[in-house]
Amino acid sequence: MKKRLSKGAGIALGAFGTALVLALGVFGARTAVVAAKKGDEVTYRVRRETYENVIEIAGTASAAKEQTLQAKTDGTVIAVYAKEGDVVKKGDVLLQVDDTTQVYNLAKLDYDLASTRITGAAQQIRLMEVQRASLVQKVDECKIIATFDGVIASFDVDEGGYLEAKDSIGTLVDKSYLTAKVEIAETDVAKLAVGQKVQFSFPAYDGTVEGYVVSFPAIGEVTSRGATVIKATVRIDDVPEAILPNFSFTGKIQITEPETKLVVERYAIGHEQGSAFVDVLENGRTTRVAVEVEPYGTGYVNVLSGLSGGETLKAQSDASKSGRMSVSARGAPARNSGGSNRQGGGFGGPPPGF
């Protein structure tokens, strides 16, 4: 069961607003919480709930780095040094285009430059050195080189093929970690902090993956839907092998640590001499137990002490000590403005004023 504070509409890398998630082991609709009914006797089950304060997100994971393998000059491919799936290092030459013309032009300039250094003017030498740097770059442009350590995700080229400048022949990726940009609604931005834990769920992976918030901008933006959001960056360092770049995910940014609460209908709580109690039913016998409680939503209380969860409690039908009375903090019965205890009718539903 989830209680949402806000929710942003999702797009690619979209995000949802803050959610208060109540996870129950076996918990249906709250209207179906009576454990047993025998004649006029009504009982309630104490349930253990997990309360989470989170921001829900969704998006697509991206590789830590990505390089499009692209030709920088026209020419015939004379050598291919890698293939799809290869692990390469920064600086590795992946492909060589015919550079005969470029190498010749560089060699000729070096010859002329050597002669000019002996007899030429200083300005002429400087101009030739600038020209040489340009020719060296043209030689380098006949190679496709890895710019970081990574894996060749795709590579489609053969020796003898002809490439034109800006032809894309593959992709190099760094999968050492994954990142994503996710939308955060403006109402949730104040809750964000760098380093907050993020739980990711991938359709391609059985289980959750832990990550964290890396950064978020100091300025918002308006989406095509007219919503104001920021795009936060989240990251996964320990990436399971089954998860690849561009896989989709849902997840939640954890704002606070989860809290476990013991929840039961307030009709199970009685009061006597300013103290709260319950009647625990077990094996046909009733045992009275002192408890501390606090309000929890409409018609329910959170048991702070006295119970451990799973107990069956007898309804307190005597109005003078009934859980129908308003429960104030730490379990003391509250008084209404008239100075008398608020009295309720039957067990059909929670009366107002709780």
Side-chain angles (χ1 to χ4, degrees), residues 1-28 30 47-66 173-218 220-221 223 225 227-263 296-297 302 309:
M1 177 178 179
K2 296 187 178 180
K3 294 182 180 179
R4 305 183 186 277
L5 297 179
S6 62
K7 181 175 181 182
I11 61 173
L13 300 188
F16 302 96
T18 299
L20 300 180
V21 183
L22 301 178
L24 302 181
V26 181
F27 181 49
R30 280 190 156 175
R47 302 174 303 282
R48 187 177 294 272
E49 297 184 351
T50 300
Y51 171 93
E52 293 181 311
N53 185 8
V54 302
I55 299 174
E56 293 186 339
I57 59 174
T60 304
S62 299
K65 298 178 184 177
E66 183 172 318
V173 296
D174 174 8
K175 298 195 302 179
S176 59
Y177 62 90
L178 297 179
T179 65
K181 288 192 177 295
V182 295
E183 285 188 357
I184 306 296
E186 60 180 322
T187 52
D188 295 329
V189 173
K191 304 177 182 71
L192 273 181
V194 172
Q196 283 173 331
K197 186 186 298 183
V198 182
Q199 293 289 339
F200 296 86
S201 296
F202 289 84
Y205 183 72
D206 185 14
T208 59
V209 181
E210 187 171 305
Y212 56 94
V213 176
V214 175
S215 63
F216 52 92
E221 58 183 88
T223 69
R225 310 180 308 275
T228 302
V229 300
I230 65 155
K231 290 188 177 179
T233 300
V234 294
R235 172 168 164 167
I236 302 172
D237 284 338
D238 298 323
V239 184
E241 291 185 4
I243 298 175
L244 302 177
N246 298 325
F247 277 15
S248 63
F249 66 83
T250 57
K252 55 189 178 182
I253 299 173
Q254 184 175 296
I255 307 303
T256 57
E257 290 294 327
E259 297 179 55
T260 299
K261 297 180 180 291
L262 297 180
V263 180
Y296 186 68
N302 174 34

- request: For side-chain contact (heavy atoms from CB on, under 4.5 Å), just list the numbers for Val209 and Ile243, CA-CA rounded to whole Å, side-chain angles, deciding distance to a tenth of an Å, and then say yes or no.
  value: CA-CA 10 Å; Val209 181; Ile243 298 175; 3.6 Å; yes
field: Side-chain heavy-atom pair Ile57, Ile184 within 4.5 angstrom cut-off
entry: yes
message: Quick check: closest heavy atoms across Ser62 and Pro245, and the distance to 0.1 Å?
response: C-CB, 4.4 Å
- request: Apply the test side-chain contact (heavy atoms from CB on, under 4.5 Å) to residues Val194 and Tyr212: give CA-CA distance (whole Å), side-chain angles for both, the deciding distance (0.1 Å), then the verdict.
  value: CA-CA 8 Å; Val194 172; Tyr212 56 94; over 6 Å; no
message: With rounding to the nearest 0.5 angstrom, report the NZ to OH distance, Lys65 to Tyr177.
response: 6.5 Å
- prompt: What's the shortest heavy-atom distance between Ala180 and Ala61, and which atoms?
  reply: CB-CA, 4.3 Å
- request: Measure from the side-chain N and O atoms of Asn302 to the backbone N and O of Leu262, and report whether any donor-acceptor pair falls under 3.5 Å.
  value: yes
- request: Could you pull out the closest heavy-atom pair between Tyr205 and Ala242, with the gap in Å?
  value: CD1-CB, 4.1 Å
message: Quick check for you: to the nearest 0.5 Å, what is the distance between Phe200 atom CZ and Arg235 atom CZ?
response: 11.5 Å
- request: Apply side-chain contact (heavy atoms from CB on, under 4.5 Å) to Val263 and Tyr51, showing your working.
  value: CA-CA 11 Å; Val263 180; Tyr51 171 93; over 6 Å; no
OG1 on Thr179 to CD1 on Ile236, rounded to 0.5 Å: 9.0 Å
Steps toward side-chain contact (heavy atoms from CB on, under 4.5 Å) verdict (Glu210, Asp238): CA-CA 8 Å; Glu210 187 171 305; Asp238 298 323; over 6 Å; no
query: Can you check whether Thr50 reaches Glu259 side chain to side chain, under 4.5 Å on heavy atoms?
result: no
- request: Quick one: closest heavy-atom pair of Val173 and Ala63, and the distance?
  value: CB-CB, 4.1 Å
- line: Scanning both residues in full, the closest heavy-atom pair of Ser248 with Pro203 reads O-CD, 3.2 Å
- prompt: What distance do Glu241 atom CD and Lys175 atom NZ have between them, rounded to the nearest 0.5 Å?
  reply: 8.0 Å
field: Any Thr260 side-chain heavy atom under 4.5 Å of Arg48 side chain
entry: yes
query: Take atom NZ in Lys261; do more than 12 heavy atoms of anything else shown fall under 6.0 Å from it?
result: yes
- request: Could you tell me whether a side-chain N or O of Gln196 sits under 3.5 Å from a main-chain N or O of Lys191, the two making a donor and an acceptor?
  value: yes
- line: Between the CG atom in Asn53 and the CD atom in Gln254, the distance rounded to the nearest 0.5 Å is 9.0 Å
message: Is there a side-chain contact between Ile230 and Leu192 in this structure, where contact means two heavy atoms from C-beta onward sitting under 4.5 Å apart?
response: yes
Contact summary for Ser176 and Val239, nearest pair of heavy atoms: O-CG2, 4.4 Å
- prompt: Do Leu178 and Phe247 have side-chain heavy atoms sitting under 4.5 Å apart?
  reply: no
Between OG1 on residue Thr256 and NZ on residue Lys197, distance to nearest 0.5 Å: 11.5 Å
